[in-house]
Each structure stands twice: as structure tokens, then as C-alpha cells.
Amino acid sequence: MTEGEFDAAVGVVGAGITGLALAHHLDDAGVDHVVLEASDEPGGVIRSGRVDGYLLEWGPQRLRRTDPVDELVVDLELDDEVLEAGETEMFVYADGSLGRAPFSLDAFAETDLLSEEAKLTVVGEPATEPARPDETAAELFTRKFGEEAYRNLLGPLFGGIYGSDPAEMPVRHALSGLMAVEERYGCLLKPAVKRAMQGGASAPAISFEEGVKRLPEALYDAHRTNVRLETPVEGVRREGAGYALDTADGTVAVERVVVTTPADVTGDLLADLAPDAATALAELNYNPLAMVHLLADGDREGFGYQVRHDEGLDTLGVSWNASMFDRDGGRASEANDGASRAERSGGVYTAFLGGMRNPELVEADDDTLGTVASEEFEQVMGVPAEVLSVERLERGFPAYDRSWDALVDVETPDGLFLATNYTARMGVPSRIREARELAERLS
Ligand SMILES: Cc1cc2nc3c(=O)[nH]c(=O)nc-3n(C[C@H](O)[C@H](O)[C@H](O)COP(=O)(O)OP(=O)(O)OC[C@H]3O[C@@H](n4cnc5c(N)ncnc54)[C@H](O)[C@@H]3O)c2cc1C
């Protein structure tokens, strides 16, 4: 325990991946800390579990093994449990069939998703004007790569990541990273071609034998003496030279605080301490999502597909968990022993529905959502599907729409830091990188 007036030098609110990775790096740096978590489980939105023996993911389906992720895998000795994605193809459902998204030069030449004329327009991108922070992602993609490339490829792939509508997403919120890349290379095509020639994404997509949840679980196991589960923070106050974190079990006095909770919760926690920031955080839109896990005998290989929005489907996209990771179709089954991926007796698929374009659908009952997801899956994949689970997230993905302009009003008092998907990108690698950088600042 820290000497003097504090229980710990740093108090972390939330034991999602950001809070837990922060605990890990604070520990490395020798900084005394305590993590307070409302739930009885660590991991936040990362949730994996088995239903009828099949492994389901209710949060991230995979993560990229970037350097900060790799560092944790090595530190936690998880290498033996890592599963690396096999086929990494991504598809778009457009004009009634699945087209392969081109992430290599050969695939670009062959793809059915773009006409020859559209391909020529894409190649002309370096001659276009640079990205403008005030235009929308839809305007930028259309202006730089052409209407067809936006409609058939970039719109579905980019919008699909967030369950969002690129026509509602200003570049300054949704594509700030892309603007930095353009500034560096003078255009967007050059770095895309460079990446394609190196074989696609720079870091492989991974999961673990027992799902993505294994990572926060291992972090929790390694740092459990500093993590208090079932301890929701009810208020954050200034006290002396530091802060008081109020919980039902008493007050925890800390010198500095890091809040990693969802924006609406953070807004409530900061209402007295930083009222302007609290009001701004309460304004941020998140897209509601429904997730339907399906069991089906599909024989396609890859990450999955996104649906072009004018195809008349309610499904936003489907993750092909069955083919992504070599996990016996998601089930520990003797019948599957020794069988190749394609031969197995069915595997798990995750369908995403709702999002910015169709938020009401998320309120439909389980039967309706299950029926929509399985019927549309059969339409696209040509095989029937059985529903394994239906789940909803009222506040799923960050919308990165104009409501995110409110972030300019988010200022926090000295010694109080925010770290989660409204302070940097939402992906797990980005969460871990931000935690690592913050631990350095705090040590
Ligand atoms: C459906 C879905 C799919 C995704 N897919 C991918 C993917 O494929 N790949 C990828 O890289 N990323 C993906 N992401 C993004 C990524 O999973 C999240 O951005 C990331 O896990 C968020 O972690 P976090 O710790 O910042 O926040 P959270 O996970 O939200 O953690 C916040 C924690 O704070 C706790 N808390 C709340 N209130 C209190 C309180 N009052 N006191 C104490 N604790 C409190 C919560 O219980 C929670 O544990 C996905 C996200 C979702 C929702």
C-alpha cells in the first residue's frame, strides 16, 4: 500500500481490456495501483463462452497481433493457446452474390465487385484532392475512389466495422488515422498497394483456444491482487491532493485516476467534478447491435462478409468463426477429430444486425431476430442455419458521427485521465497500446 494519505498511487475504474492492460503495465513500471470493476467478471465487452459445446464470442471475434498485443501474449505465456486465423479473405454481398474484397493486386484484378471502369477510377486516386476533415467518410471514398468502389466495397467494409452509415461519419472522427497516412505518403493508393504487395494486413488476426476472453482473464489472473470485482465506483471526488473513489464498500483514496468506463457511465461519474465534460460524454452516440450466433454447414472460408446496404437485408454482416480459427468448427467434438475445416459437421457464424441504419430492429424479440438472421444467412450462403444464441448491445460500436464533435468539450482536471474508445480507436490492439502509453506517463 502507498504510504500516507493514499490507498494507491493510481486508481483505475473498469477492468475491461483497457483497465487490465493498464494494470499490467503499471505493475511492470512498479506503480502501486488498484482497479475497481462493477461486474463479477473481468473483460468488459470481451465475452466468450460455450453454448451446446460451441464457442461463441459476444464481443470481439478476433484481434490483430500487433506489437503491444504480442508483448502481453509473451508476458502472460499464452503462446501455446494462440490460434492464428487461416483464410483471411473478406467478402461483400452485393447484387445477390458474395464477391471477394480485393486485398492483393491479383484479387483487385479479378474481383467481380468492381467493373473495369471502376478499377481505373480507383487507380486515379493519387490525382484527387486530399481528405478534408469536414467531409463525410462516404464523400471522401466516393470523391477519391469513385461511386462504384464506395457502394460495392468501401461503404460496406468500412460501415460494417462500426455498424454505421459512412454518410453520417465525418472524416475528422472516423478516419483521422487515414488522414495521417495520406499526409505521409501524399495519397492513399500508394500505401494500400505497398501493403497488398506485402501480403495484406501487417499483423495476423488471432484468438485463443477458449476465445478472445482468455486475454483479459489471463491479465486478471496475473494481477488479481490489485483488481476488485463487484465494486462499482459510484462517484469520483477531489480529496486532498488526490481523488476519492466512492464505492458501496467504502472510499478508495488515490493520487491519480484513470476512468475506462463507457461514455455514459463516465458522464455520470464526472457530473460534479467536470460538468462540461460529463455533458459532452453523455452526448456521444453508440450504435445499438443485435448478435445472432448461428450453427451451419457452410463450406466457404474466410473472415466473413458485409452486406451492401441496398441489398434489402437486415443483416449488417456475418463473421465466419467456423473457418476463421481451427477450433473444430467451434465445438469440442469427437465426431470432428481429424476432419478438415470444410468436412466438419457445422460450425459457428455470428450475424450482426441493427446498427445506425436500423436501431429499432435491436428491440425485436429473440424469435424475430433469430428468424431474420437465419433466413438471410440461408439466402446468402445457400445453407440452412440453426440459432444458437441471440444477444443485444444497447450501446455497441462508437458511431463516430457528428455527436462526437462534443469531445472538444471534454477536459479533465489534473490527475484524472480517460482511456477507452472515445479517447483513441476502439480495436483491442489500440486499447492495449493506449494503456501502455498511459502507464508510461503515469510512472
Ligand atoms: C460487439 C463488438 C465487437 C467487437 N469486435 C472487435 C474485433 O473484432 N476486434 C477488435 O479489436 N475490437 C473489437 N471490438 C472493440 C473492442 O472489443 C472494445 O473497444 C474494447 O474491448 C473496449 O475495452 P475497454 O476496456 O476500453 O472498455 P469496456 O470493455 O467497456 O470496459 C469498461 C469496464 O468498465 C466497467 N464499469 C462500468 N461501470 C463501472 C463503474 N461504475 N465502476 C467500475 N467499473 C465499471 C464495465 O463493467 C467494464 O468491465 C468490438 C466491440 C464490440 C462491442
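First listed ligand is number 1; within each ligand, the first listed atom is number 1. Scope of the values below: all heavy atoms of this structure, side chains included, with no hydrogens, waters or symmetry mates.
The aromatic ring centroids of Trp404 and Tyr286 lie less than 6.0 Å from each other.
Each of the atoms 34 (O), 36 (N), 37 (C), 38 (N), 39 (C), 45 (C) of ligand 1 lies under 4.0 Å from some heavy atom of Thr261. Interface of Leu393 with ligand 1, defined as ligand atoms under 4.0 Å from a residue heavy atom, comprises 1 (C), 53 (C). Taking every heavy atom of Val13 and a limit of under 4.0 angstrom, the matching atoms of ligand 1 come to 42 (N), 43 (C). Shown in contact with Gly16 at under 4.0 Å from a heavy atom are these atoms of ligand 1, numbered in order with element: 25 (O), 31 (O), 33 (C), 49 (O). Taking every heavy atom of Val265 and a limit of under 4.0 angstrom, the matching atoms of ligand 1 come to 38 (N), 41 (N). Taking every non-hydrogen atom of Gly44 and a distance limit under 4.0 Å, the qualifying atoms of ligand 1 come out as 29 (O), 31 (O), 48 (C), 49 (O). For ligand 1, the atoms closer than 4.0 angstrom to any heavy atom of Thr420 are 24 (P), 26 (O), 27 (O). Near Pro232, meaning under 4.0 Å from any of its heavy atoms, are these atoms of ligand 1: 42 (N).
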### Task
Test Asp79 against Arg65 for salt bridge (Lys or Arg N to Asp or Glu O under 4.0 Å), laying out the working first.
CA-CA 11 Å; Asp79 238 324; Arg65 190 170 180 164; 3.3 Å; yes

### Task
Evaluate side-chain hydrogen bond (donor to acceptor under 3.5 Å, both in side chains) for Asp365 paired with Thr368, printing each intermediate quantity in order.
CA-CA 5 Å; Asp365 60 34; Thr368 306; 2.6 Å; yes

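Not one N or O of Leu63 is nearer than 3.5 Å to an N or O of ligand 1, by distance alone. Polar contact check, Pro429 against ligand 1: no nitrogen or oxygen pair lies under 3.5 Å apart. Geometrically, ligand 1 and Val45 share a nitrogen or oxygen pair separated by less than 3.5 Å.
Relative to the ring axis of Phe417, Arg441 does not place its NZ or CZ within 45° and under 6.0 Å from the centre. Remark: Arg300 qualifies as a cation-pi partner of Phe91 under the 6.0 Å distance and 45° angle criteria applied to the six-membered ring.
At least one donor-acceptor pair closer than 3.5 Å links the side chain of Thr231 to the backbone N or O of Leu229. The main-chain N or O of Asp314 is found under 3.5 Å from a side-chain atom of Glu376 such that the two form a donor-acceptor pair. Put simply, the side chain of Thr371 gets close to the backbone of Asp367: a donor and an acceptor are under 3.5 Å apart.
For Ile46, every heavy-atom contact with ligand 1 shorter than 4.0 Å involves the side chain, none the backbone. Only the side chain of Arg431 comes within 4.0 Å of ligand 1, counting heavy atoms alone; its backbone N, CA, C and O stay farther away.
Proximity of Arg172 to Asp405: side-chain heavy atoms (C-beta onward) are separated by under 4.5 Å at one or more points. Residues Phe303 and Gln61 have side chains not in contact (no heavy-atom distance under 4.5 Å, counting atoms from C-beta outward). Side-chain contact between Tyr185 and Lys194 is present, with heavy atoms from C-beta onward closer than 4.5 Å.
Using a 4.0 Å heavy-atom cutoff, Ser430 is absent from the residues neighbouring ligand 1.
The option from Asp40, Val12, Thr18 that lies nearest to atom 25 (O) of ligand 1, judged by heavy atoms, is Thr18.
In terms of protein heavy-atom proximity, atom 2 (C) of ligand 1 is nearest to Phe397 CE2, 3.3 Å. Closest protein heavy atom to atom 44 (N) of ligand 1: Ala38 N, 3.1 Å.
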